[in-house]
Protein chains: 2
Amino acid sequence: MAGSTAEKIMDIAESQVRAGGYNSFSFREISQEIGIKSASIHYHFPTKTDLGVAIASRYATRFAEQLALIVTTYPSVNARLQAYVALFRQALLHDQKMCLCGQLASESDVLPEPIRLETRRFFTLNLDWLAIEVFTGDDAKARAASVLAALEGALLMSKVLDQADLFEQVVAGIAVR
Amino acid sequence: MAGSTAEKIMDIAESQVRAGGYNSFSFREISQEIGIKSASIHYHFPTKTDLGVAIASRYATRFAEQLALIVTTYPSVNARLQAYVALFRQALLHDQKMCLCGQLASESDVLPEPIRLETRRFFTLNLDWLAIEVFTGDDAKARAASVLAALEGALLMSKVLDQADLFEQVVAGIAVR
DNA sequence: GTCTATAATTTGATAGAC
DNA sequence: GTCTATCAAATTATAGAC
């Protein structure tokens, strides 16, 4: 866990949210894990909303960077889709947790508005990317929605049932055409 | 909102959880909505965990009853799948919220064990039903997982983006074979 | 069954010293 | 940047009167 204190705070906050949701993480838990006092966190992130926006924004931006990298790396739409699926697989295997924005989406009704907007940004940028860089034709948007829904749902099921192979079973049904 | 006080409590609790998650609902909010004091809720449900188990168990049991009804009503696997999808569509359109157990699944890491078990029961009974009453063949389990993941993910996306047509786009890609 | 009263804990947040 | 000290609010929960 390298990086500045602010980055450490964000790393732990993201981990907590992905485990139990926005209302499940606290400044005190984060501070104890880092080894500082909870009051010190307010120096880096004045309010909890500020911290929530920061991790959601970072997550969406990092994802967008990965998507851009996929486009420049793979000319084939099949390879792009495979690499895209791998992004979600990593979330499950490496972190054994939900997609951060999938988690936030489930509680979007009670999120502070700025956090909800960042969460929406994640979903729209994913849908747009799939509908432009992977799928073609009249039903490109619909197919994009199907893929993203399947991946988010697969993460959800794999998490609650603690069965990583469920994710692979769902992934096996995903194809470009 | 008819029924006994206990049922009213469960109705409101379920609504709150489906909106913002398990850590987002409180005895005080429920009591204010009903018009009693929060202490009175403890008479019906001694602890918050008890209430959480009650609504998760009721949700899973009701769902199981619907599944049994579908089997006796429709002989065709196509019709069964269509009726199954309609169960999730109702959750979105009528309540404009997540599936209760989909919501609980996302926070399963921080749920009290009895609630997590009820949540798991919902998913296993759905997967088992789909793999027996709708799909056939070697990949029946995989196809069942794909359908449930797509539906849960579709609810998630439709909720956060506030676009009910996203659900229909995903549903359009679901078929028996 | 519901009430009042209260306890014990946790939470996000601020002020000011260092 | 981090600390101590403190605050106001919300939370689940209990005891006992009615």
Side-chain angles (χ1 to χ4, degrees), chain A residues 1-57 103-104 107-116 118, chain B residues 1-57 103-104 107-116 118:
Chain A
M1 186 157 57
S4 65
T5 301
E7 280 170 338
K8 288 181 187 172
I9 293 171
M10 293 173 68
D11 289 342
I12 296 173
E14 178 182 321
S15 177
Q16 305 266 19
V17 172
R18 289 171 69 183
Y22 182 73
N23 287 310
S24 171
F25 89 97
S26 72
F27 278 41
R28 203 158 286 180
E29 280 183 53
I30 296 172
S31 67
Q32 286 175 353
E33 204 158 328
I34 293 183
I36 59 177
K37 295 299 176 181
S38 69
S40 305
I41 298 183
H42 288 277
Y43 169 81
H44 302 278
F45 303 96
T47 70
K48 188 175 180 178
T49 297
D50 291 327
L51 179 51
V53 170
I55 61 175
S57 176
Q103 174 65 254
L104 291 174
E107 1 177 41
S108 60
D109 286 353
V110 296
L111 288 181
E113 184 67 9
I115 303 178
R116 178 167 45 220
E118 281 303 308
Chain B
M1 187 157 54
S4 65
T5 300
E7 281 170 339
K8 288 180 186 172
I9 293 171
M10 293 173 71
D11 289 341
I12 297 174
E14 178 182 321
S15 177
Q16 306 266 19
V17 172
R18 290 171 69 183
Y22 181 73
N23 287 310
S24 171
F25 90 95
S26 72
F27 279 41
R28 200 160 287 180
E29 282 183 53
I30 296 172
S31 67
Q32 287 175 353
E33 205 160 327
I34 293 184
I36 59 177
K37 296 298 176 182
S38 69
S40 305
I41 298 183
H42 288 278
Y43 170 79
H44 302 278
F45 303 95
T47 69
K48 187 174 181 178
T49 296
D50 291 328
L51 178 51
V53 170
I55 61 175
S57 176
Q103 174 66 252
L104 291 175
E107 5 178 36
S108 59
D109 286 353
V110 296
L111 289 181
E113 184 67 11
I115 303 179
R116 179 167 46 220
E118 281 303 307

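So that the names make sense, note that chain A is the first sequence line, chain B the second, and so on, each numbered from 1.
Residues satisfying the side chain to side chain donor-acceptor pair (under 3.5 Å) criterion with Q103(A), sequence neighbours excluded, are S106(B). Annotation: side chain to side chain donor-acceptor pair (under 3.5 Å) contacts of S31(A) (sequence neighbours excluded): none. Under the side chain to side chain contact (heavy atoms under 4.5 Å, CB included) criterion, S26(A) pairs with R28(A), E29(A), sequence neighbours left out.
As a whole-Å value, the separation of F45(B) CZ from dT11(D) P is 19 Å. In this structure, I9(B) atom CD1 and dT12(D) atom P are separated by 13 Å, rounded to whole Å. Between the CD atom of Q16(A) and the C1' atom of dT11(C) there is a distance of 14 Å, rounded to whole Å. Taking atom CD1 of residue I41(A) and atom C1' of nucleotide dT11(C), one finds them 13 Å apart after rounding to whole Å. One atom, CD of Q32(A), and another, P of dT11(C), lie 9 Å apart when rounded to the nearest Å. Across the protein-nucleic acid pair, I30(A) atom CD1 and dT10(C) atom C1' stand 15 Å apart, rounded to whole Å. K48(B) places its NZ atom 8 Å from the P atom of dA13(D), with the value rounded to the nearest Å. In this entry the distance linking CG of D50(B) with P of dT12(D) reads 13 Å, nearest Å.
Backbone-only engagement by F25(A) is indicated by non-hydrogen atom pairs under 4.0 Å involving sugar-phosphate atoms exclusively.
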Protein heavy-atom contacts under 4.0 Å, written 5' to 3' over nucleotides 2-7 of chain C as B (base), S (sugar-phosphate only) or - (none), form the string BBBB--
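Residue pairs that meet the side chain to side chain donor-acceptor pair (under 3.5 Å) test with at least one member in residues 34-48 of chain A, sequence neighbours left out, are T47(A)-D50(A). Screening residues 12-21 of chain A for salt bridge (charged side-chain N to carboxylate O under 4.0 Å, His left out) gives E14(A)-R18(A), E14(A)-R58(A), R18(A)-D95(A) as the qualifying pairs, with residues at least two apart or on separate chains.
Distances were taken from every side-chain heavy atom of H42(A) (C-beta onward) to each of dT11(D), dT14(C), dT11(C); the shortest belongs to dT14(C).
Using bins of under 30°, 30° to 60° and over 60° for the plane-to-plane angle, the ring pair F25(B)/Y22(B) lands in the perpendicular bin.
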